[in-house]
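What follows is a short report on a single structure.
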Amino acid sequence: MAIVELKGISKSFGQVRAVDGVDVEIKDGEFLVLLGPSGSGKTTLMRLCAGLERPTGGSIVIDGSVVNDVPPRERGIAMVFQSYALYPHKTVFRNIAFPLTVEGMDKAEIRKKVEWAAGLLGIGHLLDRMPSQVSGGEKQRVAIARALVRRPKVLLMDEPLSNLDAKVRHSARDELKKFQREIGVTTIYVTHDQAEAMGLGDRIAVMHEGKVRQIGTPDDIYHYPADTFVAGFVGTPPMNFIEKDGLLTGFRPELFHPAELISDQDPVRFRFRIERVENLGAYSLAYGTIGSVKVIANLSPRLRIREGEERDFGVSRQDVRYFDKQTGAGIRR
Amino acid sequence: MNVRRLLDRESVLAPLLLLPVVLYVVLFIGFPFVMSFVYSISNVTVGNPDFRVTGLGNFREILADKVFQKSLLNTFIFTFVSVGLVLVFAHALAEILIRDFRGKWLVRFLIMLPWTAPIALGSIGFLWFLDSLFSPLDWLLRAVGLLGKPGALFGPMSNLYWFGRPDLAMAAVIGVHVWRLLPLATVILIAGLNSIPKEITEAAQMDGAGYFRRLFQINLPLLFPVIGVSILFATFFTFTDMTVVWVLTKGGPPPHSTQVLASLAFLKGIQGGDLAQGAAVALFFFPVLAGIAAIVLRLVKKAVVI
């Protein structure tokens, strides 16, 4: 069952079309990631769902009713902001309790619910502190607890991990996923970090210039990109593109190997001129050219490759993707 | 050692740069303050070279003086009503001016205008505006039928006689003072409102808080340090001000309906020639203002700053 449906949603700021005719359905309990570069409209799309912006076209349906003109508080939606937006003058307890206080709930009930949410996120011992007295990771948990305490139908998260340092971010990602599965709240998650998107999302919607370019499972997005934008945006280093037989041929750097190592009987072959090799420990990156086009190969560091040599490389035929030269749209063969 | 090398040394440069301020404070604030203290316990008058310390006699006299009591009360009314109105209006204006709308620069310009005019000139403008016979405001009220007819809201007389009636005179003095303080308070509050992260307001919106709950539970507590400073400024400016009162009413209409401490000190000390009593009146500012400053600064320090 779809709990959130966006039908032809558009939002313009003056001349700029921030969101341009987006259709997305989000299923109950699903974790959907909106992925895109900055300025792609992903945050605007989320703010439209939240009710912080009004759409200039289309309709937003939550749980069966159109909510275009419904104020944020009546949509049954909660949001975790990028900066967490905790109230700096309230204790952690009163931060989490705020949405319930607004509803006019009685004190005993509020205490029970706040303790439930705080327990869920393991911040029960912080309730008497001020936001300025807890760490970044703990602030994030407080923000999530505040969002969840009302039992929202939909949880929106706007780059919640981007303010954490790299180490904490990894474990926070893991916990986020675990706990979202546990309570099964429908989640829309905005990020520009493809690793986060791949790791967290049940499905990913890749956005660019206000439009959804592709929506699908992380596997789909990575292996069957709908166009050259998605292919180039997802994956580090990005997909290589070579013009061949009037089409754009795309292949992932980690599937681009010396021809003799490919099990495929008839791989697509290229003459690869290696200019520079970067050994990154777990793997090494070989930068070079095919003809005059720059290409990157992601190789095992054990492979003996010299800078300056030219070798026969290839890609297994099933791993090659084709795109239209003009439009960049993917072509299924 | 040449001058340039000498100026490079902080131990020389710092006192040198501070010197003008220190001189200013000592000469124009410290010295008069000490003098007024000395005067207040003496019998000194403008025309009399005789100087004798008389102890607290002056204070005893002015405390018993009905005019002084009236002025003290007026000063508090004048200050607290003005500051209260300034805060409410400045907050409303700041809320409007942080939003984007057409012609915003014009509104901003008009609101800032009173600030750029010298207060004496502004007050003279109002003196004419509220003139007993030719007030355009009265004319307007007559034109719309609120004044000058039997049964009209403001009475059947052809004029309101702003400076002739005690309550209206006080209202006029307060009104002009609010008009004058509003720009500064608005600018301070705009800066304060802009310093509240947009996400906090939006989070409160998502949490279901309506406008007034956001105002009283989120914005005002966060604005408190800024509002505290505004209150401090507005209170000082109002408590010690005599320009508006002097230009508009000279403390009148009788009996001293709008007399405040500042104008009374001037009246007694300079115009009346009794320097000693004038100084004693003026010294009443000191404990009140120092007390307010201490309280507000302590509260501001305690408040959470983002």
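As the structure is a prediction and not an experimental result, all values here were calculated from the model. In what follows, chains are A, B, ... by sequence order, proteins preceding strands, each numbered from 1.
- The heavy-atom pair separating A/Leu48 from A/Arg75 by the smallest distance is O-NH1, 3.0 Å.
- Listed by chain and number, the residues in a salt bridge (charged side-chain N to carboxylate O under 4.0 Å, His left out) with A/Arg150 amount to none (sequence neighbours excluded).
- Note that CZ of B/Phe80 is 10.5 Å distant from OG1 of B/Thr75, once rounded to the nearest 0.5 Å.
- With chain B as partner, the option from A/Ser83, A/Pro131, A/Pro72 having the largest number of non-hydrogen pairs under 4.5 angstrom is A/Ser83.
- Interface remark: A/Glu74 contributes no atoms to any contact with chain B (heavy atom separation under 4.5 Å).
- For a residue to count as touching a neighbouring chain, one of its non-hydrogen atoms must lie under 4.5 Å from one of that chain's; by this rule A/Ile77 touches chain B with backbone and side chain alike.
- In the displayed structure, A/Phe13 atom CZ is contacted under 6.0 Å by more than 12 heavy atoms of other residues, nucleotides or ligands.
- A/Asn68 places a side-chain N or O within donor-acceptor distance of the main-chain N or O of A/Ile60, the cut-off being under 3.5 Å.
- A donor and an acceptor atom, one from each side chain of A/Asn95 and A/Tyr84, are nowhere located under 3.5 Å apart.
- Between A/Glu196 and A/Arg173 no salt bridge is recorded (no basic side-chain N to carboxylate O distance below 4.0 Å).
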TODO: Evaluate the side-chain contact (heavy atoms from CB on, under 4.5 Å) criterion for residues A/Ile123 and A/Ile96: first the C-alpha distance (whole Å), next the side-chain angles of each, then the deciding distance (0.1 Å), finally the verdict.
DONE: CA-CA 11 Å; A/Ile123 48 170; A/Ile96 302 174; 4.0 Å; yes
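- Within residues 171-185 of chain B, no residue has any heavy atom under 4.5 Å from a heavy atom of chain A.
- Under the 3.5 Å distance criterion, with hydrogens and angles disregarded, a donor-acceptor pair is assigned to the side chains of A/Gln82 and A/Ser162.
- Residue A/Ala50 touches chain B through both its backbone and its side chain, counting heavy-atom pairs closer than 4.5 Å.
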Only pairs under 3.5 Å count here: list side-chain donor-acceptor contacts from residues 83-91 of chain B, not counting sequence neighbours, and write none if there are none.
none

TODO: Please step through salt bridge (Lys or Arg N to Asp or Glu O under 4.0 Å) for the pair A/Arg54 and A/Asp69, ending with a clear verdict.
DONE: CA-CA 8 Å; A/Arg54 286 170 143 260; A/Asp69 299 317; 3.3 Å; yes
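- Proximity to chain B among residues 111-120 of chain A is not found for any residue, judged by heavy-atom separations below 4.5 angstrom.
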